[in-house]
Amino acid sequence: MVLRRFLILRRSRSFRLEGRTAAHPAACLFRFAALFLILSLALAALPARADDFAAAVLGLAEEGFPAKQKAIVALAKSGDPRAVPILQALRDDRLRRMPDGSVVIVATTGGTTRLTHAATGRDIAGILPDSLDRIIVNNRLRGAIEAALGSLTLFSPDRAVRLSAAQEALKRPTADAALPLEQALAAERDGEVRAALEQGLAAVRLFSGGKDEMLAAIRALGATTDPQAKNLLDAFRAKPDLDAGLRQAAEAAIASIDGRLLWTGLAANLFQGISLGSVLLLAAIGLAITFGVMGVINMAHGEMIMTGAYAAFVVQQLFRTFLPPEWIDAYLLVAVPVAFLFAGLLGVVLERCLIRFLYGRPLETLLATWGVSLILQQAVRSIFGSPNKEVSNPGWMTGGFDLMGGFTVTWNRLYIILFCFVVLGALALILNRTSFGLHMRAVTQNRDMAAAMGIRTARVDALTFGLGSGIAGMAGVALSQIGNVSPNLGTIYIVDSFLVVVFGGVGNLLGTLVGALSLGIVNKFLEPVAGAILGKIVILAAIILFIQWRPRGLFALKGRTADA
Amino acid sequence: MKLIQPICRGAAAAIAVAAAVLVPGWAEAQTQGTIKIGVLHSLSGTMAISETTLKDTILMMVDDINKKGGLLGKKVEAVVVDPASNWPLFAEKARDLLAKEKVAAVFGCWTSVSRKSVLPVFEELNGLLFYPVQYEGEESSRNVFYTGAAPNQQAIPAVEYLMREEGGAAKRWVLEGTDYVYPRTTNKILEAFLKSKGVAAEDIRVNYTPFGHSDWQTEVATIKKFASAGKKTAVVSTINGDANVPFYKELANAGIKASDIPVVAFSVGEEELAGIDTKNLIGHLAAWNYFQSVKNPTNDAFIKQWQDFIKNPKRVTNDPMEAHFTGFKMWTQAVRQAGTTDVDAVRQAMYGQKVKAPSGFSQIMNTNHHLSKPVMIGEIRADGQFDVVWQTKEPIKADAWSPHLPEDKGKIADWTYPWVCGNCTAAKYTD
């Protein structure tokens, strides 16, 4: 059908041509001759390459992965820039096979789908992409595609593409990559890409260059903090008939990389510890208020976190349904206040309807709030169903960046650390600089005196509990970015939250901060040595011993209130 | 109300009479009572995430068979209980089902610890359990039919695939598991298998994390470091339940691509992926005996039946559901063949029972109480489904006892004469 349309198009053009022929026969003849000349020249120059290219593209649609791999390698060897979008489409699952065996690219931009013929670049209309066979790849082919794109995109105008192409060269050094790398290096202006290209070139020359080139390559690789460079040097050192000077240089380079890797390892551990600490802190801040300040053993605290996570899910779904797709990245910013208000409201209701009748009776409070936690879990299970809900990271929280030598800082964790400190700071401001904070501290320190001063203690109780619950809700939004959103979400964090608050010292925000961070960091330094399970046990035992020694935690409140 | 009831009754009677004339079996079902079956899946607690779907699958099958006229002329009635992810409660509920409700068969359990907990009850009261989940093997009870995969139908072929050129020719292995019986036993078998293939001990890293482990930073960084030793590395994940989502999120954000370090999972299917954004996980693998994306008429009908029953066109199907589908069909066929729901007669009729399964193959129940199943390796794609990148040509027969473990040497599971045993090195009867 496509072919027929094309023919119709051609015919209409030739009609026009005939019209002109009638008007200026001589000019037309000249034009015809010129056209013929150009065409024949082009055909003489192109045929072999064009045929190879078209055959390789057709090969992508063949059955079986080995045949497809052959086609990918052929496309890479062709050096043809037209291969780049085709390989990208293959990698991104946007290549389809027509019933006649030809290959088409599917591109979706702004809600409209376009089909183009891969070999010719012609548009195809009137066919639904869903009706065509997908051309699937496996991991081996994905590796081959990346390698092929690496060699094809060394000269791409996009800096990020060039950078990843240069890094690819370090990953898979081959002798015939030297020439294109040299050419790319000569043309490259960007510093970071140049450095990556130099490393890639060094990796290639390490195994195929002369002695001087090898020495320079060792020096270049030794200056990096990259485990891959170290592997290359390791493999180089292990070569049997190696010059003693070269071996020494390689060993020195490995030692210097090792030294730097040790420090990055420690830095990575520290970051992981702070990240875990910030998660613990977020989960525990709410509890530090409800349990720490008000003295309510709130077993439903975990479920407040869970409702926050579900609030994030609901906001995300609303954004997906009602707003244009480019707004989706902002859903998280809306989810935070929504979760705060919803969980806070739930907390106020809980306090007014249940907990206020149980003040001063910790055992009953514990059992009642535990019951509430079960009710909330089952309610969520009935409304949303028991399977996990998918809450995706917004674009600005996806992925991470390689800080140095295998130490990847992930965006979601970095933002959560920042968020955690913002929340803590805001809370400290509320407690110490607002009249509500003043009332709150007054009521918790001496309820009767505060009431005598005209503070409505019941209202302050409800709002305090609401504040604690609201913060737990915000924690839920943050946790939805690193973990599950399921009805059991809260149960994972409730024990850790209590640990942090008790360890840090009940009724003290600074204690909660120090407690959470130190637990996180110690945990992360223990885990590589002892493993996750033993690490947890060691920490639990250590906290029990610590509480024996200092029953009021790290930062005990002093003065009369502490004895109350 | 008063008026409506007689009308309804009249209409029902009219339909019953009409049906009695047309479908004798159905009329019989109305008069002869019901056949009860038990559904023993957690509907609350940690495992509710996975097990609720299996309960619905059995309800769908029961609904289907009743629409088609029931079994032996009787209606099938499902007795659903909730053991609440509490392992001892599983045993209690199983006893209730068998002793009080007198069910003909029980479909249930997910974790191996729950199965181990109900096993003595089924053996004592001579019940029948259909267990639909892939597991660690090392078991063959007279009272259990295992419709999920044994290690040689999932774990071993998956590792073999990754060892081959097409799977990336992995030379270094991380065995990552949740700390309980299934991952520990599977990893023991895998370690023995890898060593028998010449993988050195320093090229294998085994690590366990607790249930619900949520902070994967250290482990993901360690995997990255372990993989940077210059040999192609693959991760075999027996991580179960809630811990999977944070693991995959960390993996995706740390930039571990499947073409560099592939992760093959044995407990992650379509249902689990529904809770994860899979755009950054493309190419990571799972090994099962069924994927929803498999194309064949039986599977199309199965998916449609499920989505119609659950009234949600977006719900996915997965491997344990397919196992329940096959198990239930097999049980009904065996009951029809035996002409009774008596456990001993049905057990005898089960052997050699054949069902056309949604995986596209005819599956056969063997005398070791396990199925012959095809093995499929799937790669995750952007929409949360899997592309099958490799599969066996024929169904593979399950080994109840692993040939790779020295302590299992010579052990045979065969419940027919002359063996009549699930764990023997010599036949029970010799003549």
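Keep in mind that what you see is a predicted model, and the values were worked out from it rather than measured. In what follows, every chain begins at residue 1, and chains take the letters A, B, ... in the order their sequences are listed.
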Supply the atom-to-atom distance [X] [atom1] to [Y] [atom2], rounded to the nearest 0.5 angstrom.
X	Y	atom1	atom2	result
B:Asp383	A:Asp93	CG	CG	8.0 Å
B:Ser259	A:Asn138	OG	CG	10.5 Å
B:Ser214	A:Asp496	OG	CG	7.0 Å
A:Asn388	B:Glu271	CG	CD	9.5 Å

- Task: Identify which of B:Asp277, B:Asn280, B:Val245, B:Thr218 forms the greatest number of heavy-atom pairs closer than 4.5 Å to chain A.
- Result: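 Most pairs with chain A among the choices: B:Thr218.
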Between [options], which residue shows the highest count of heavy-atom pairs closer than 4.5 Å to chain B?
options	value
A:Gly273, A:Ser486, A:Gly385, A:Gly483	A:Gly483
A:Gln69, A:Glu146, A:Gln378	A:Glu146
A:Ile482, A:Asn523, A:Ile492	A:Ile482
A:Glu390, A:Arg142, A:Arg381	A:Glu390

- Task: In sequence, state the C-alpha distance, the side-chain angles, and the governing distance for B:Ser228 and A:Lys230, and then conclude on side chain to side chain donor-acceptor pair (under 3.5 Å).
- Result: CA-CA 9 Å; B:Ser228 69; A:Lys230 189 193 149 200; over 6 Å; no
Measure [X] against the heavy atoms of chain B and call it side chain, backbone, both or neither at under 4.5 Å.
X	answer
A:Tyr493	side chain
A:Ser382	neither
A:Asn484	both

- Task: Return the minimal non-hydrogen interatomic distance between B:Pro210 and A:Ile533, and the atom names on each side.
- Result: CD-CG1, 3.7 Å
- In plain terms, say whether B:Asp215 and A:Arg413 are close enough for a salt bridge, that is, a side-chain N and a carboxylate O under 4.0 Å apart.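 Answer for the salt bridge query: yes.
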- Item | Side chain proximity check, B:Thr222 to A:Pro528, heavy atoms < 4.5 angstrom |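 Answer no - side chains too far apart.
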